[in-house]
Protein chains: 2
Amino acid sequence: MKTAKPSTSPDILLLDQQLCFALYAASRAVTAAYRPLLESLDLTYPQYLTMLVLWEQDGVTVRELGRRLQLDSGTLTPLLKRLQQAGLVSRERRSSDEREVEIRLTPAGRELRASAESIPACLAARLCMEPDDMRRLRDELRELAARVLSTDA
Amino acid sequence: MKTAKPSTSPDILLLDQQLCFALYAASRAVTAAYRPLLESLDLTYPQYLTMLVLWEQDGVTVRELGRRLQLDSGTLTPLLKRLQQAGLVSRERRSSDEREVEIRLTPAGRELRASAESIPACLAARLCMEPDDMRRLRDELRELAARVLSTDA
DNA sequence: AAAAATTCAATTGTACACAATTGAATTTTG
DNA sequence: CAAAATTCAATTGTGTACAATTGAATTTTT
């Protein structure tokens, strides 16, 4: 007899239906898995990502770091000050353009790389995933992020 | 002639190789995509997820909310106080067990649901993904999170 | 070249995340 | 039943995220 119940639509808003929540939860779970491994290096997860960039390419500006990590100076400036405090990087204005601040690894920062090399394999083991599946998922996520970011400009 | 270059291993640590970074970046990108939509509801993204749980099941404890969202009281208590401040929920100790705090929707909190119903479709459009692909990716991420969380106990 | 616009990092302010501790309420044990 | 252990939310403290503003340095326009 189909009476007029206000009919709030059914499962569209169920938490476990949401891709966004699965993404949010997975991201935090993976970060949490890194935490004990990074503890021995005295790095937080975002600090670790920052070091990855620097090990790849030393002497980048805050701006370039922000571009790679998709983070702004409001996040990076205090994070980099902590890395400097820990003796891992130096921060110096570029003489060629005094607006830019160049981040450089100290010897201690360079040496930390060796201790970090075992981490990705450690995590991969925790995830129990085939390397192929990991690459596929990684690429899918990159695709997703790229699509989302491209649409809002 | 293979001289002894210290041989820091090659690409294991490249940022763009990391599944974890793809996940971290995608999660933040998707959250950023929600932000303008949630602004009209005066909700942050974690507040929106909290409301999803409450719309699904009103009158839950902080503990139960934490279980669903994988967040602890350190995160939830101030978040819920803000939702209370905004007039969307009430927080009251349970008489049956005074340790527990029950979160209930106010009429305004219940009414907000209608405004939220268009959001998932909006986002889906932004992602340019087939519903099937979204479900598959969501399930893969849930699997990933479950595996990571199960290994650390 | 002087004025206007832009770029860059830093700062300020709000809101998560999360480890660790606290203290009240309840349950389990001896 | 009383003591010990556990559970729960709140609190404290650190470290991101990110919007918005600031102020100095550089580039572009007049």
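Here is the naming used below: chain letters follow the sequence lines, and residue numbers restart at 1 for every chain. Note that the coordinates shown come from a computational prediction; the quantities given were computed from them, not determined experimentally.
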Less than 4.0 angstrom between a side-chain N/O of [X] and OP1 or OP2 of [N], yes or no?
{"X": "A/Y24", "N": "C/dA17", "answer": "yes"}
{"X": "B/R93", "N": "D/dA9", "answer": "no"}
{"X": "A/T44", "N": "D/dT16", "answer": "yes"}
{"X": "A/T31", "N": "C/dA17", "answer": "no"}
{"X": "B/R82", "N": "C/dA15", "answer": "yes"}
{"X": "B/Q47", "N": "C/dA15", "answer": "no"}

What is the distance, rounded to the nearest whole Å, between atom [atom1] of [X] and atom [atom2] of [N]?
{"X": "B/R91", "N": "D/dT11", "atom1": "CZ", "atom2": "C1'", "result": "12 Å"}
{"X": "A/L69", "N": "D/dC18", "atom1": "CG", "atom2": "C1'", "result": "15 Å"}
{"X": "B/E64", "N": "D/dA9", "atom1": "CD", "atom2": "P", "result": "10 Å"}
{"X": "A/D42", "N": "D/dT14", "atom1": "CG", "atom2": "C1'", "result": "13 Å"}
{"X": "A/E92", "N": "C/dA10", "atom1": "CD", "atom2": "C1'", "result": "17 Å"}
{"X": "A/L49", "N": "D/dG15", "atom1": "CG", "atom2": "P", "result": "16 Å"}
{"X": "B/L79", "N": "D/dA9", "atom1": "CG", "atom2": "P", "result": "14 Å"}
{"X": "A/E39", "N": "C/dA20", "atom1": "CD", "atom2": "C1'", "result": "13 Å"}

> Does any nucleotide pair with C/dG23 by Watson-Crick or G-U wobble geometry, both distances under 3.5 Å, and what is it?
Replying inline: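 When the pairing criteria are applied, D/dC8 turns out to be the nucleotide that pairs with C/dG23.
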> For C/dA2, what is the paired nucleotide under Watson-Crick or G-U wobble rules, both distances under 3.5 Å?
Replying inline: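 WC or wobble partner is D/dT29.
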>> Between the side chains of B/R113 and B/E117, is the shortest nitrogen-to-carboxylate-oxygen separation below 4.0 Å, so that they form an ion pair?
In response: yes
> Would you call A/D139 and A/R136 a salt bridge, taking side-chain N to carboxylate O under 4.0 Å as the test?
Replying inline: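 Between A/R136 and A/D139 there is no salt bridge, as every charged N stays at least 4.0 Å from the carboxylate O atoms.
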> Please walk me through it: do A/E39 and A/R35 pass salt bridge (charged side-chain N to carboxylate O under 4.0 Å, His left out)?
Replying inline: CA-CA 6 Å; A/E39 202 166 351; A/R35 210 166 289 126; over 6 Å; no
Tell me which nucleotide among [options] gets nearest to the side chain of [X].
{"X": "A/T77", "options": "C/dA15, C/dA9, D/dA9", "result": "C/dA9"}
{"X": "A/P46", "options": "D/dA17, C/dC16, D/dA10", "result": "D/dA17"}
{"X": "A/E100", "options": "C/dC18, D/dT16, C/dA9", "result": "C/dA9"}
{"X": "A/D72", "options": "C/dA9, D/dA19, C/dC16", "result": "D/dA19"}
{"X": "A/R35", "options": "D/dT11, D/dA17, C/dC18", "result": "C/dC18"}

> Mapping B/Q70 and A/K81 to their closest nucleotides on DNA chain C, which lands nearer the 5' end?
Replying inline: A/K81
>> I want to confirm an ordering. Mapping A/L76 and A/A32 to their closest nucleotides on DNA chain C, which one lands closer to the 5' end?
In response: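 Here A/L76 is the residue nearer the 5' end.
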> Would you find more than 12 non-hydrogen atoms of other residues, nucleotides or ligands less than 6.0 Å from B/E92 atom CD?
Replying inline: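 Result for CD/B/E92: open.
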> Do other residues, nucleotides or ligands put more than 12 heavy atoms under 6.0 Å from A/R63 CZ?
Replying inline: no
>> If you compare all heavy atoms of A/A26 against all heavy atoms of B/L23, which two are closest, and at what distance to 0.1 Å?
In response: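 Scanning both residues completely, I find the closest heavy atoms to be O-CD2, 3.7 Å.
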> Which atom pair, heavy atoms only, marks the closest approach of B/G59 to B/R94?
Replying inline: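 Minimum heavy-atom contact is O-NH2, 3.2 Å.
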>> Strictly under 4.0 angstrom, non-hydrogen atoms only: write out the protein contact profile of nucleotides 22-29 of chain D, one letter per nucleotide from the 5' end, B, S or -.
In response: ---BS---
> Within the modelled atom types, does a donor on one side and an acceptor on the other bring the side chain of B/S73 and the base of D/dA10 under 3.5 Å apart?
Replying inline: yes
>> I'd like to know whether A/R91 forms a side-chain contact (heavy atoms from CB on, under 4.5 Å) with A/T77, so could you lay out the CA-CA distance, the side-chain angles of the two residues, the decisive distance to 0.1 Å, and finally the verdict.
In response: CA-CA 10 Å; A/R91 300 161 56 241; A/T77 297; 4.3 Å; yes
> Which is it for B/R104 and B/E102 under the salt bridge (charged side-chain N to carboxylate O under 4.0 Å, His left out) test, yes or no, and what are the steps along the way?
Replying inline: CA-CA 6 Å; B/R104 290 197 157 288; B/E102 190 170 80; 3.2 Å; yes
>> Quick check on DNA chain D: between B/L80 and B/R28, whose nearest nucleotide comes earlier from the 5' end?
In response: B/L80
